[in-house]
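Data first, discussion second: the structure below is written as structure tokens.
Remember, predicted model here, so these are calculated numbers, not experimental data. Chain naming here is simple, since letters A, B, ... match the order of the sequence lines and numbering starts at 1 in each.
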Amino acid sequence: SLRCGDDVTVCCKREFYIKFKDIQWHDWIIAPEGYHMNYCMGQCPQHLSGSPGIASSFHATIFSQLKVNGINTAVSSCCVPTERRPLSMVYFNSQHNIVKTDVPDMIVESCGCT
Amino acid sequence: GSPRCASCGFPALTKDAEEKLMIEVAKQQLLDKLHLKERPNITQAVPRAALLTALRKLHSGRVRPNRTLEQENNLSKKDQSYEIVSFADIHEGDGGAQASLGLAFRFLQESGQSIQVLQSSLWIYARSSENPHRAPHLTAQVFLSADGGASGLNRTLVMEKMLEVHKGNWHTFPITRTLQAFLDSNQHQLRLEVTCDEDGKNLCSLDGPADSPYQPFLVAQVRLRDNHSKHLVRKR
């Protein structure tokens with residue numbers, strides 16, 4: 001999975017971090033101090049379709065079928081997250097109780113073309 | 001001439017606009033995943049000492065010898081379970097002849113949500129006995145008070161436990177069923193009373209200011225029930 005840089009135009013992972021103090025959310029989120037959200041961007045030319053690491057997904061199967069049947073010319077490939085990991089959070093809820101939870105699929109780890 | 005987004009076809013944004021948009025997306029994603037309509041408005045912060053104590057106890061609870069919490073986690077890999085630490089609003093109750101420590105915990109379930117309690121414990125600090133000639137044990141009792149009812153007049157014994165009081169220590173009282181019954185009843189305030197009576201003195205009541213690290217709290221591991229599991233429960 002590529003990391004986005006100034007000269008990368010193909011599908012890549014853009015690092016994106018929000019510090020909770022900067023958005024005044026640190027009063028109710030105890031931990032962590034920020035959120036590494038990250039996101040995917042960039043071009044997905046035809047030769048990159050279905051790579052990397054998305055072969056097992058439902059969408060990849062559909063796209064493969066479309067390619068096999070020669071009807072892929074009308075469909076463009078998209079740059080999407082192929083791997084995510086959870087974010088552990090400790091925060092105050094509306095009743096001032098402290099909640100600790102692992103929120104699934106919050107942090108984009110890698111990107112690929114559908 | 002202007003570059004366009006490869007995935008959605010919209011015109012590309014300027015760097016500032018993109019950053020603002022991403023911050024809004026991140027905020028919305030966090031609120032959605034935490035099942036919150038808006039950011040909680042924190043008007044009354046929990047004292048730092050009490051917060052640190054609770055978090056330390058919560059962490060130590062995960063690795064205690066009976067491994068209960070870890071086992072529950074393994075059982076519920078598919079479901080998103082979470083832990084709640086709730087500090088009590090404290091009032092000195094009047095449990096009949098002997099003084100009791102009155103605790104009120106606030107929980108509010110959003111309408112349509114149903115919460116399953118996997119495990120829950122009340123954490124109480126008992127001071128050391130002031131009488132060196134007494135037996136080093138005393139009986140602690142936890143009562144459930146009727147919401148809005150006069151304390152001591154309408155209460156049910158939830159559990160009783162022998163405590164060692166030769167030195168001050170934290171003690172846990174499992175209240176999983178009590179908390180589940182409370183949440184199922186859609187009430188807003190769980191009221192408990194604790195007595196650790198030694199010659200008319202309650203060793204479980206707070207000695208110092210309310211911001212002491214010995215503030216009682218409740219820990220619960222819960223998960224949202226989905227409609228499917230609700231159906232299974234009804235069927236059974």
Side-chain angles (χ1 to χ4, degrees), chain A residues 4 6 9-12 14-20 22-32 34-45 48 76-81 84 86-108 111 113-114, chain B residues 3 5-9 12 18-19 21-27 29-46 48 50-51 54-55 58-59 62 73 77-87 89 105-110 188-189 217-223:
Chain A
C4 298
D6 290 339
T9 54
V10 292
C11 181
C12 58
R14 168 80 72 193
E15 303 277 342
F16 188 74
Y17 178 72
I18 298 173
K19 202 171 178 182
F20 292 132
D22 293 344
I23 56 170
Q24 276 84 51
W25 276 22
H26 62 297
D27 59 338
W28 70 277
I29 298 178
I30 302 164
Y35 173 30
H36 279 280
M37 185 173 83
N38 307 334
Y39 59 97
C40 302
M41 61 178 294
Q43 308 283 341
C44 275
L48 283 181
S76 59
S77 173
C78 301
C79 179
V80 294
R84 299 171 192 253
L87 175 69
S88 288
M89 294 186 70
V90 182
Y91 65 95
F92 288 104
N93 69 7
S94 327
Q95 291 90 52
H96 294 192
N97 294 327
I98 298 163
V99 179
K100 178 186 174 297
T101 184
D102 293 326
V103 190
D105 299 332
M106 286 294 278
I107 300 169
V108 173
C111 302
C113 294
T114 54
Chain B
C5 166
S7 299
C8 62
E18 185 179 297
E19 191 164 323
L21 177 71
M22 293 312 294
I23 288 172
E24 289 310 311
V25 168
K27 283 178 169 178
Q29 188 183 14
L30 281 164
L31 293 176
D32 287 349
K33 293 269 188 167
L34 298 176
H35 307 287
L36 297 169
K37 283 180 186 146
E38 56 191 17
R39 79 188 296 289
N41 190 14
I42 306 302
T43 51
Q44 182 191 352
V46 174
R48 193 170 175 78
L51 178 63
L55 292 176
L58 185 66
H59 177 73
R62 295 178 73 88
N73 269 339
K77 267 182 186 165
K78 276 186 177 177
D79 310 287
Q80 190 191 339
S81 66
Y82 53 97
E83 287 156 82
I84 299 173
V85 180
S86 181
F87 289 95
D89 290 334
F105 297 96
R106 280 172 298 164
F107 295 100
L108 191 63
Q109 287 189 74
E110 285 186 26
H188 292 172
Q189 205 172 52
F217 60 92
L218 182 153
V219 176
Q221 192 194 15
V222 302
R223 71 177 166 200

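- The environment of A:E15 atom CD is dense: over 12 non-hydrogen atoms of other residues, nucleotides or ligands sit within 6.0 angstrom.
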Quiz item: Should B:V25 and A:F16 be marked as a side chain to side chain contact (heavy atoms under 4.5 Å, CB included) after you check the CA-CA gap, both sets of side-chain angles, and the distance that decides it?
Solution: CA-CA 12 Å; B:V25 168; A:F16 188 74; over 6 Å; no
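- Remark: A:P32 engages A:F20, A:L87, A:M89 in a side-chain contact (heavy atoms from CB on, under 4.5 Å) (not counting sequence neighbours).
- We find the OG1-CD1 distance between A:T101 and B:I84 to be 10.0 Å, quoted to the nearest 0.5 Å.
- A distance of 13.0 Å separates CG in A:D102 from OH in B:Y82, rounded to the nearest 0.5 Å.
- Taken from CG in B:L51 to CD1 in A:I30, the straight-line distance is 5.0 Å, to the nearest 0.5 Å.
- Rounded to the nearest 0.5 Å, atoms CD1 (B:I42) and OH (A:Y91) are 11.0 Å apart.
- The contact between A:D105 and chain B is made by backbone and side chain atoms together, counting heavy-atom distances below 4.5 Å.
- Here the closest heavy-atom approach between residue B:I23 and residue A:I18 is recorded as CA-CD1, 4.0 Å.
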Quiz item: Hey, mind stepping through A:M37 and B:L30 against side chain to side chain contact (heavy atoms under 4.5 Å, CB included) and telling me if it holds?
Solution: CA-CA 10 Å; A:M37 185 173 83; B:L30 281 164; over 6 Å; no
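- Distance alone, capped at 3.5 Å, places no donor-acceptor pair between the A:N93 side chain and the B:P40 backbone.
- Listed by chain and residue number, B:K27 satisfy the salt bridge (Lys or Arg N to Asp or Glu O under 4.0 Å) test with B:E24 (two or more places apart in sequence, or in another chain).
- Residue contact with chain A, scored on non-hydrogen atoms closer than 4.5 Å, is absent for B:E38.
- To the nearest 0.5 angstrom, B:D89 atom CG is 10.5 Å from A:H96 atom NE2.
- For the atom pair A:N97 CG and B:E83 CD, the distance stands at 13.5 Å (nearest 0.5 Å).
- Only the side chain of A:Y35 has a heavy atom closer than 4.5 Å to any heavy atom of chain B.
- Side-chain atoms of B:R39 do not come within 3.5 Å of backbone N or O of A:W28 as any donor-acceptor pair.
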